[in-house]
Number of protein chains: 2
Amino acid sequence: MVPRHPRLDPLADRYAARTHGMKTSEIRALFSVVSRPEVVSLAGGMPAVTALPLDAVGSMIGELVSGMGAQTLQYGSGQGDPRLRERICDVMALEGITDASPSEVVVTVGSQQGLDLVTRVFCDPGDVILAEGPSYVGALGVFQAAEARVRHVPMDDDGLIPEALEQALLECRANGDRVKFLYTVPNFHNPAGVTLSEPRRQAIVDIADRYDLLVIEDNPYGLLGFDHEPMRALRARDDQRVIYLGSFSKTFSPGLRVGWVLAPLAVREKLVLATEAQVLCPPSLTQYAVARYLDTQPWREQIKLFTELYRERRDATLESLDALMPPGTTWTRPDGGFYVWLKLPHGLDSKLMQPRAVGAHVAYVPGIGFYADGSGREYMRLSYCYPEPDQIREGVRRLARVIEAELDLHSTFDAVDTGTFRAVGRSDGSAARTVVGPANSDRIED
Amino acid sequence: MVPRHPRLDPLADRYAARTHGMKTSEIRALFSVVSRPEVVSLAGGMPAVTALPLDAVGSMIGELVSGMGAQTLQYGSGQGDPRLRERICDVMALEGITDASPSEVVVTVGSQQGLDLVTRVFCDPGDVILAEGPSYVGALGVFQAAEARVRHVPMDDDGLIPEALEQALLECRANGDRVKFLYTVPNFHNPAGVTLSEPRRQAIVDIADRYDLLVIEDNPYGLLGFDHEPMRALRARDDQRVIYLGSFSKTFSPGLRVGWVLAPLAVREKLVLATEAQVLCPPSLTQYAVARYLDTQPWREQIKLFTELYRERRDATLESLDALMPPGTTWTRPDGGFYVWLKLPHGLDSKLMQPRAVGAHVAYVPGIGFYADGSGREYMRLSYCYPEPDQIREGVRRLARVIEAELDLHSTFDAVDTGTFRAVGRSDGSAARTVVGPANSDRIED
Ligand SMILES: Cc1ncc(COP(=O)(O)O)c(C=O)c1O
Ligand SMILES: Cc1ncc(COP(=O)(O)O)c(C=O)c1O
């Protein structure tokens, strides 16, 4: 018998170049930890699907198969079910995208696949992608698999900083870099929890126009705001330079894996060819399930119910953080979505602190997972979407104790940093004018 | 308003290199034609899903959502549901793969995604993939998207020709080509309809061993034999050099998009990372549906029912071809699966003939779709899986008339080729010793 766990991979010299760079994300690496019942997980981004009317959804899907098996169990078109694409246009209208046609929509296996398709269609190895620092870990995985180089652009409490974007573009131009697109999550950012302000939206679209920059607007959380109506999408302001990614993962169900891309027709054609080569077509059953759900169930009310639930959890998170965190710890104040981005007191490292946190039965995602360049050690992402408010309070309590213990250990009380997120990497709040990465100077190694 | 149908794609200079090579497959190009009710389509490869017990499957899936919504509607693991991976091992045991462990299985969005993942993990641009001539069109799409070069290896009525494989390997070695793997469909080949014989299976595994060649065994049809028990898989003979791709598309439902890859652990790890970057995880609902179906429904009996239905349709096809085709037309005689591969009389071109066939209300897939090198014009694929026997007979009748009319037109009655498929590209049946492409000499252009 050949051993099942060969120490040396006999195929090691045969993989593609892209394969050597692939590694397990900080989130996936935590899976075994966060599933232990004694651990309060503030790590995962799992939506609260049990808040759905499961009986109604169950009988709806059952009837789809019994009554329409010839369609729901059969291959479909690569672009996706036409009826679903119509309903997707209705959903996007809630964010001011009123001119989208179903022919410009491609249904994908979650918006993750949408992002992968866009990246494959546009990026050759070595191409540059601009992305917020921090950025969605799944996007970084896609970019790495495409062997693209990521250049982070700083953000603050109002989202991506337009001046920093322009600066990055100029520097890339000077370097001769081929910038393929800006990847941005304008609403309730993962992991930063911040939202791009109204004036900045226009500024970014203007920059895109001036620099002939393609923008990938990734927007799974846009309808999950706590305080105000959905903001107008970047795509609503520019239908030629903005490619929009949407998802039903956070507004309905991630287990169905239904997302979409809205793109100008020429790009849409390429995306369809790319998805056909990748999966032939998205699952028919799950597409019909979403279309039927939108057609027959009170989905807007359900979204309201979700946001009320998430708001409560956000409140529990912020109240506990306010009450319990030691001085020098700062965090963002999301008004929608799933995430709080927390900055540790000067000198602490969230990755090195992780074993102690797990020992104390609380889990988070270390900040380094959200940067392509290894920075972000002083940050962590806290997700409040899944645990109940009481669990959240207990989790924050445990986390506060861990941070305090680390501070004791390192005796760095005199070096606390009281900056807010606005001052990413700087303490004077003037980050906007220059391209700065996140602060590395306070890594625990030094 | 910016025009919706710009004549010039403003992003044309911005796509990745791989994107420029993408084109619509011969099959997809036919979609609008074959959906017209007056057309008998022998083109598509759609399984007969209405032969499923739709009510039972519907209530089964409905209950999964009502009763287990917290799992079926939630994100799952990138590798796929553990219970499903166990059941997949049971399914593979039917083909002699008795040592597979669920930990070596990765669930994919159809076996199409499995093939895409394997290709991405192994192939850099310019790498060579060996593949039967003809080959599955969806595989050629994947290889093209990976910018790999395909080198066809001839086959005959007994499948891939081992001597030709060895010859191809030697030539690639001499050329300094990096051969990444052999892609082969050993059972009821799409499109050729032939099956790799028992002695050749061993011969190919031996060659793989001698030349240190990786083999991708793509096997969606293996359980759909009409005359004998499933043959022993290549993977059952070599668990280190063979990566096995499986699918529930033909044995249960393609609309669920559930397939899998069985690979040695080191490769499996890479595949999981690659699928996480591509789709995060496969849909949970469809995975639970397949696992529950295998657990609770008489799936072996259902496969028997499918094969009886397909056997009838195969019989209708072969009987009609025998009765109606003009001399000089030859075809393969499948004993399982979905496809007959037909060779036109000398001088005819299936691609050029297509408009006339559509005019006569019959559709097929032109042979050129199944070659990476533009050859195959004298061939066509006929699928008997979807139409009823009477429709098949009518379709073949129409096709025979079209071929006769073409023959009249070209007055090539004196140049008919009576060779069988064994004589691909040769008329003396001795193709086995040398690497020959499909016959191009009888293209209509010359
Ligand atoms: C910013 C962002 N984009 C994309 C995704 C992927 O979502 P989907 O489930 O639609 O693939 C996520 C999921 O967490 C996300 O946070
Ligand atoms: C040889 C072969 N491989 C793979 C596939 C893809 O099947 P799936 O539906 O599992 O993606 C097909 C479908 O026709 C096929 O014929």
Side-chain angles (χ1 to χ4, degrees), chain A residues 2 4-6 9 11 14-17 19 22 24 28 46 49-50 52 54-55 57-59 61-63 65-66 69-70 72-75 109-110 112-113 116 120-124 138 141-142 145 239-240 253-257 265-267 270 273-274 276-280 283-286, chain B residues 2 4-6 9 11 14-17 19 22 24 28 46 49-50 52 54-55 57-59 61-63 65-66 69-70 72-75 109-110 112-113 116 120-124 138 141-142 145 239-240 253-257 265-267 270 273-274 276-280 283-286:
Chain A
V2 180
R4 289 264 164 176
H5 293 271
D9 178 356
L11 299 172
R14 221 165 302 184
Y15 296 120
T19 305
M22 289 180 181
T24 303
R28 291 279 151 177
M46 298 209 295
V49 291
T50 47
L52 286 165
L54 296 179
D55 279 335
V57 176
S59 38
I61 295 180
E63 280 160 27
V65 174
S66 311
T72 57
L73 298 181
Q74 189 56 275
Y75 286 116
V109 182
Q112 184 75 21
Q113 195 213 359
D116 186 64
R120 282 175 93 172
V121 161
F122 283 102
C123 294
D124 287 309
V142 168
D239 65 347
Q240 291 301 305
S253 153
L256 301 180
R257 312 298 304 118
L265 276 180
V267 177
K270 308 291 184 195
L273 293 173
E276 285 174 359
Q278 198 168 91
V279 298
L280 292 183
S284 301
L285 177 60
T286 55
Chain B
V2 180
R4 289 264 164 178
H5 293 272
D9 179 356
L11 300 171
R14 221 167 299 186
Y15 296 120
T19 304
M22 290 181 181
T24 303
R28 291 279 151 175
M46 298 208 296
V49 290
T50 48
L52 287 165
L54 296 179
D55 279 336
V57 175
S59 38
I61 295 180
E63 280 159 27
V65 174
S66 311
T72 57
L73 299 182
Q74 189 56 276
Y75 286 115
V109 182
Q112 183 75 22
Q113 196 214 356
D116 185 64
R120 282 175 94 170
V121 161
F122 283 103
C123 295
D124 286 308
V142 169
D239 66 346
Q240 291 302 305
S253 154
L256 300 180
R257 311 300 302 119
L265 276 181
V267 177
K270 308 291 185 194
L273 293 173
E276 285 174 358
Q278 199 167 91
V279 298
L280 292 183
S284 302
L285 177 61
T286 55

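Lettering of chains follows the sequences in order, A, B, ..., and the numbering in each one begins at 1.
- Nearest heavy-atom pair, B:R257 versus A:Y75, reported as atom, atom and distance to 0.1 Å: NH1-CE2, 3.4 Å.
- When each of B:A145, B:G141, B:C123 is scored by its heavy-atom pairs under 4.5 Å with chain A, the top score falls to B:C123.
- At a threshold of 4.5 Å between non-hydrogen side-chain atoms, the residues A:S66 and B:D55 count as touching.
- In terms of heavy-atom pairs under 4.5 angstrom with chain B, the leader among A:K270, A:M22, A:Q113, A:Q74 is A:Q74.
- At a 4.5 Å heavy-atom cutoff, the contact between A:D116 and chain B is made by side-chain atoms alone.
- Only the side chain of A:T50 comes within less than 4.5 Å of a heavy atom of chain B; its backbone N, CA, C and O stay farther away.
- Comparing A:S59, A:G110, A:S253, A:A70 by how many heavy-atom pairs each has under 4.5 Å with chain B, the most go to A:S253.
- Between B:L73 and A:V49, the shortest heavy-atom contact is O-CG1, 3.6 Å.
- With a threshold of 4.5 angstrom between heavy atoms, A:T286 approaches chain B through side-chain atoms but not through N, CA, C or O.
- When each of A:V142, A:L280, A:L52 is checked for heavy-atom pairs under 4.5 Å with chain B, A:L280 comes out on top.
- Proximity of A:Y15 to B:V267: side-chain heavy atoms (C-beta onward) are separated by under 4.5 Å at one or more points.
- B:Q278 places none of its side-chain heavy atoms less than 4.5 Å from the side chain of A:V109.
- Contacts of A:E63 with chain B are absent, with no heavy-atom separation under 4.5 Å from either backbone or side chain.
- Of the listed residues B:T72, B:I61, B:L285, the one with more heavy-atom pairs under 4.5 angstrom with chain A than any other is B:L285.
- Distance CG/A:L273 to OG1/B:T24: 4.5 Å, rounded to 0.5 Å.
- Closest approach of B:A16 to A:R120, counting heavy atoms only: CB-O, 3.6 Å.
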